[in-house]
Student: 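Below is one structure. I have some questions about it.
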Amino acid sequence: MRNAKIIASGMYVPENVLTNSYFNKLLDEDVDTWLRENVQIYERRWCSKNESTADLCVWAAKNILNNAGLDAKDIDLIIITTDTPEYISPSTASVVQYKIGAENAATFDINTACAGFVSALDTGSKYIQSDKNYNHILVIGAYAMSKYLNLTDKKTVTLFADGAAGVILKAEETNAGFLGAKQVTKGEYHDWMGIYAGGTALPLSKQVLENNDHKLKFVKKFPKELNPEMWSKMIFDLCEEIGIQPKDVAHFLFTQININSIQQTMKRLGLGMDKCTTVMHHYGYTGAASIPIAFHEAVTHKKIHKDDIIIFMGSGGGLAFATAAFKM
């Protein structure tokens, strides 16, 4: 059966490292203790002044292509998933296509916020399954949220970070590869967290800029149990759909917003933390890039092996939720 198989991964994070002590000075209070004890973030990477989302994607793409042993001209489709795009229009993917020389690739962006990488895996896999013209698809999750942070808002400024990572999906005649996916949206939460200015609802103006309405905002506090409840339910549902149980899954890759949500989800699944990789400790929260960064770290450290079943589970503003299963 023609299916989509992950054949390589890669990543890029900016060189600029900010430890928690930077924010102690910035906010004039001890935030390091809370960050270490509650979310286990110790440091993160931010873009330089002249570094953009497309730049992150270009460096990540080169790393991914090198690991796959492919040329950019081998790519048939580029899907970039981000909610910090290069421009409102055109797509970030078109910029990346040009800059890496992927002249044969079609392009588009996906924005399901931090769930985007899994949404893109689902989309790319189904392109391969349904259309023989797509044989190599480059999927990248990217985040340059430092550009949208209010430096006086301690609810956001200490958590969010920048990076890009992704995979190559290859068409193969195989029983491995993409096994299935599920996506859910709870739109009643759309106005709880986001970047609400700069679009047609609230165009940029002097007043918008003065009020920092063009920056990331937590408007309302999300229920602590929301992610663990949704993540575990969707994983149970997906496992049932593809005929396995959670214990059959070798490794889980979650959105890295909160280590407590990951721990609670694994407990609900009846599994230990040894079956998942966490990367917020040294990369901070990198949104749509966090899951592929975790995946690449797991691959690099040989936590994922041939024939392993793995599950990606993402969630992000909207609220959007997406999960996907692959056999390596």
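Numbers here are sequence positions counted from 1. Predicted model, so just to flag it, every value in this text is computed and none were measured. Just so you know, these numbers use all the heavy atoms, side chains as well, and skip hydrogens, waters and symmetry mates.
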Student: Is any side-chain N of the basic residue among K147 and D162 closer than 4.0 Å to the acidic one's carboxylate O?
Tutor: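 Here K147 does not pair with D162 in a salt bridge, since their nearest N and O are not under 4.0 Å apart.
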Student: List for me each residue that meets ring pair (Phe, Tyr, Trp, His ring centres under 6.0 Å) alongside W192, sequence neighbours excluded, and say none if there are none.
Tutor: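 Residues passing ring pair (Phe, Tyr, Trp, His ring centres under 6.0 Å) with W192: Y189, F222.
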Student: Check whether I244 and F326 end up in the same hydrophobic cluster, where Ile, Leu, Val, Met, Phe, Trp and Tyr are linked by side-chain heavy atoms less than 4.5 Å apart.
Tutor: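 No, I244 does not connect to F326 through the hydrophobic network.
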Student: Answer yes if the side chains of S48 and N16 hold a donor-acceptor pair under 3.5 Å, and no otherwise.
Tutor: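 Short answer, no.
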Student: Would you call I100 and I78 a side-chain contact if the rule is heavy atoms closer than 4.5 Å?
Tutor: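 A side-chain contact under 4.5 Å exists here.
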Student: Closer than 3.5 angstrom, by distance alone: can the side chain of T156 be matched with the main-chain N or O of L149 as a donor-acceptor pair?
Tutor: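 No, T156 side chain to L149 backbone: no donor-acceptor pair under 3.5 Å.
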Student: Got a sec: does the CG of D28 have more than 12 other heavy atoms crowding it under 6.0 Å?
Tutor: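 Counting neighbours around CG of D28, 12 or fewer heavy atoms of other residues, nucleotides or ligands fall under 6.0 Å, so no.
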Student: Are any non-hydrogen side-chain atoms of P292 and V167 less than 4.5 angstrom apart?
Tutor: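 No - every pair of side-chain heavy atoms lies 4.5 Å or more apart.
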Student: I'd like to know if the side chain of E43 pairs up with that of N20 as donor and acceptor (distance under 3.5 Å, no hydrogens or angles considered).
Tutor: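 The answer is no; no qualifying pair exists.
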Student: Can you tell me how far apart OG1 (T200) and CD1 (I88) are? Round to the nearest 0.5 Å.
Tutor: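 Atom-to-atom, T200:OG1 and I88:CD1 are 9.0 Å apart.
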Student: Count the heavy atoms of every other residue, nucleotide or ligand shown that sit under 6.0 Å from CD of E225, and state whether that count exceeds 12.
Tutor: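 Enclosed: over 12 neighbouring heavy atoms sit under 6.0 Å from CD of E225.
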Student: Write down the atom of V139, the atom of A120, and the distance for their closest heavy-atom approach.
Tutor: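 Answer, listing the atom of V139 first, then A120: CG1-CB, 3.5 Å.
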Student: Q264 side chain to P228 main-chain N or O, any donor-acceptor pair under 3.5 Å?
Tutor: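 No.
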Student: Work out which heavy atom in M280 is nearest to a heavy atom in I41; give both atom names and the distance.
Tutor: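 Smallest interatomic distance, heavy atoms only, reads O-CG1, 3.6 Å.
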Student: Side chain to side chain contact (heavy atoms under 4.5 Å, CB included), that's the test. Do I140 and I64 meet it? Break it down for me.
Tutor: CA-CA 9 Å; I140 296 177; I64 299 163; 4.0 Å; yes
Student: With rounding to the nearest 0.5 angstrom, report the OG to CD1 distance, S119 to I110.
Tutor: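 If we round to the nearest 0.5 Å, S119:OG and I110:CD1 are 6.0 Å apart.
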Student: Using only atom types and a distance under 3.5 Å, with no angle test, would you say the side chain of D109 pairs donor to acceptor with the backbone of S91?
Tutor: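 No, because the side chain of D109 does not come within donor-acceptor range (under 3.5 Å) of the backbone of S91.
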Student: Are any side-chain N or O atoms of D30 and backbone N or O atoms of T33, one a donor and one an acceptor, separated by less than 3.5 Å?
Tutor: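 Yes; at least one donor-acceptor contact below 3.5 Å.
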Student: Are more than 12 heavy atoms from other residues, nucleotides or ligands located less than 6.0 Å from atom NZ of K99?
Tutor: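 Yes - once you tally the heavy atoms of other residues, nucleotides and ligands closer than 6.0 Å, there are more than 12.
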Student: Anything under 30° is parallel, anything over 60° is perpendicular, the rest tilted; go ahead and classify F160 against Y143.
Tutor: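 Ring orientation, 0 to 90° scale: tilted.
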Student: Among F312, F254, F321, which residue satisfies the ring-ring contact (aromatic ring centres under 6.0 Å, His included) criterion with W231?
Tutor: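 When ring-ring contact (aromatic ring centres under 6.0 Å, His included) is applied between W231 and each of F312, F254, F321, only F254 qualifies.
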Student: Before giving the answer on side chain to side chain contact (heavy atoms under 4.5 Å, CB included), spell out for E103 and Y98 the whole-Å C-alpha distance, their side-chain angles and the decisive distance to 0.1 Å.
Tutor: CA-CA 7 Å; E103 60 190 47; Y98 171 71; over 6 Å; no
Student: With a 6.0 Å cut-off (strictly less than), is the heavy-atom count around CG of N175, excluding the residue itself, greater than 12?
Tutor: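 It does not: N175 CG has 12 such atoms or fewer within range.
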Student: Are I168 and V96 grouped together when hydrophobic residues (ILVMFWY) are joined by side-chain heavy atoms under 4.5 angstrom apart?
Tutor: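 Linked, I168 and V96 end up in one cluster.
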Student: Provide the closest heavy-atom pair for H251 versus D274 in the form atom of the first, atom of the second, distance.
Tutor: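 So the minimum-distance heavy-atom pair works out to CE1-O, 4.1 Å.
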Student: Decide if the gap between the ring center of Y148 and the ring center of H214 is smaller than 6.0 angstrom.
Tutor: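 No; H214 has its ring centre 6.0 Å or more from that of Y148.
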Student: Do you know which two heavy atoms are closest between A289 and G141, and how far apart they sit?
Tutor: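 In terms of heavy atoms, the two residues are closest at CB-O, 3.4 Å.
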Student: Mind checking whether M230 and K186 have side chains closer than 4.5 Å, heavy atoms only?
Tutor: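 Yes - at least one pair of side-chain heavy atoms lies under 4.5 Å apart.
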Student: Determine, stepwise, if the pair I311 / T323 fulfils side chain to side chain contact (heavy atoms under 4.5 Å, CB included).
Tutor: CA-CA 7 Å; I311 283 183; T323 186; 3.5 Å; yes
Student: Quick one: does T300's side chain have a donor or acceptor within less than 3.5 Å of a partner on H296's backbone?
Tutor: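 Such a contact is found between T300 side chain and H296 backbone.
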Student: Looking just at side-chain N and O atoms, do E86 and S52 make a donor-acceptor pair shorter than 3.5 Å?
Tutor: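 Note: E86 and S52 side chains meet the donor-acceptor criterion.
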Student: Can you tell me if CD on E188 sees more than 12 non-hydrogen neighbours from other groups inside 6.0 Å?
Tutor: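 Correct, the count exceeds 12.
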Student: State whether a side-chain donor-acceptor pair under 3.5 Å links E29 with N24.
Tutor: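 The answer is no; no qualifying pair exists.
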Student: Does the S125 side chain pair with the main chain of D122, one donor and one acceptor, at a distance under 3.5 Å?
Tutor: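 No: the side chain of S125 does not pair with the backbone of D122.
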Student: Show your reasoning for whether side chain to side chain contact (heavy atoms under 4.5 Å, CB included) applies to V184 and L319.
Tutor: CA-CA 8 Å; V184 174; L319 284 174; over 6 Å; no
Student: Treat each ILVMFWY residue as a node, draw an edge where side-chain heavy atoms are under 4.5 Å apart, and state whether M266 and M313 are in one component.
Tutor: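 Yes: a chain of side-chain contacts under 4.5 Å links M266 to M313.
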Student: Would you find a donor on one side and an acceptor on the other, under 3.5 Å apart, between the side chain of R45 and the backbone of Y283?
Tutor: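 It does not hold such a pair.
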Student: Could you list the residues that satisfy side chain to side chain contact (heavy atoms under 4.5 Å, CB included) with K247, not counting sequence neighbours?
Tutor: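 Checked K247 against side chain to side chain contact (heavy atoms under 4.5 Å, CB included); matches are Q245, L271.
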Student: Just by modelled atom types, is the V249 backbone N or O under 3.5 Å from a matching donor or acceptor in the K275 side chain?
Tutor: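 Judged by distance alone, yes, a pair lies under 3.5 Å.
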Student: For K182 and E241: C-alpha separation, side-chain torsions, deciding distance, then whether salt bridge (Lys or Arg N to Asp or Glu O under 4.0 Å) applies.
Tutor: CA-CA 10 Å; K182 300 185 79 68; E241 187 174 292; 3.2 Å; yes
Student: Identify the two heavy atoms, one from A164 and one from A60, that lie closest to each other, and give their separation to 0.1 Å.
Tutor: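 So the minimum-distance heavy-atom pair works out to O-CB, 3.6 Å.
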Student: Please determine whether residues V39 and V17 belong to a single hydrophobic cluster, defined as Ile, Leu, Val, Met, Phe, Trp and Tyr linked transitively by side-chain heavy-atom distances below 4.5 Å.
Tutor: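 Unlinked, V39 and V17 end up in two clusters.
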Student: Has D308 got a side-chain atom pairing as donor or acceptor with I310's backbone, closer than 3.5 angstrom?
Tutor: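 Checked: no pair found.
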Student: Quiz question: by atom type and distance under 3.5 Å, do the side chains of S315 and N227 form a donor-acceptor pair?
Tutor: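 Yes, N227 and S315 have a side-chain donor paired with an acceptor closer than 3.5 Å.
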Student: Tell me whether the rings of W46 and Y22 are parallel (<30°), tilted (30 to 60°) or perpendicular (>60°).
Tutor: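 Perpendicular: the ring planes of W46 and Y22 meet at over 60°.
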Student: What pair of heavy atoms forms the shortest contact from N211 to K217, and how long is it?
Tutor: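 What the structure gives for the nearest pair is O-NZ, 4.0 Å.
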Student: Is there a side-chain contact between M328 and I304 in this structure, where contact means two heavy atoms from C-beta onward sitting under 4.5 Å apart?
Tutor: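 Counting from C-beta outward, M328 and I304 do come under 4.5 Å.
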Student: I'd like to know if the side chain of N135 and the backbone of K170 have a donor-acceptor N/O pair within less than 3.5 Å.
Tutor: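 No; zero donor-acceptor contacts below 3.5 Å.
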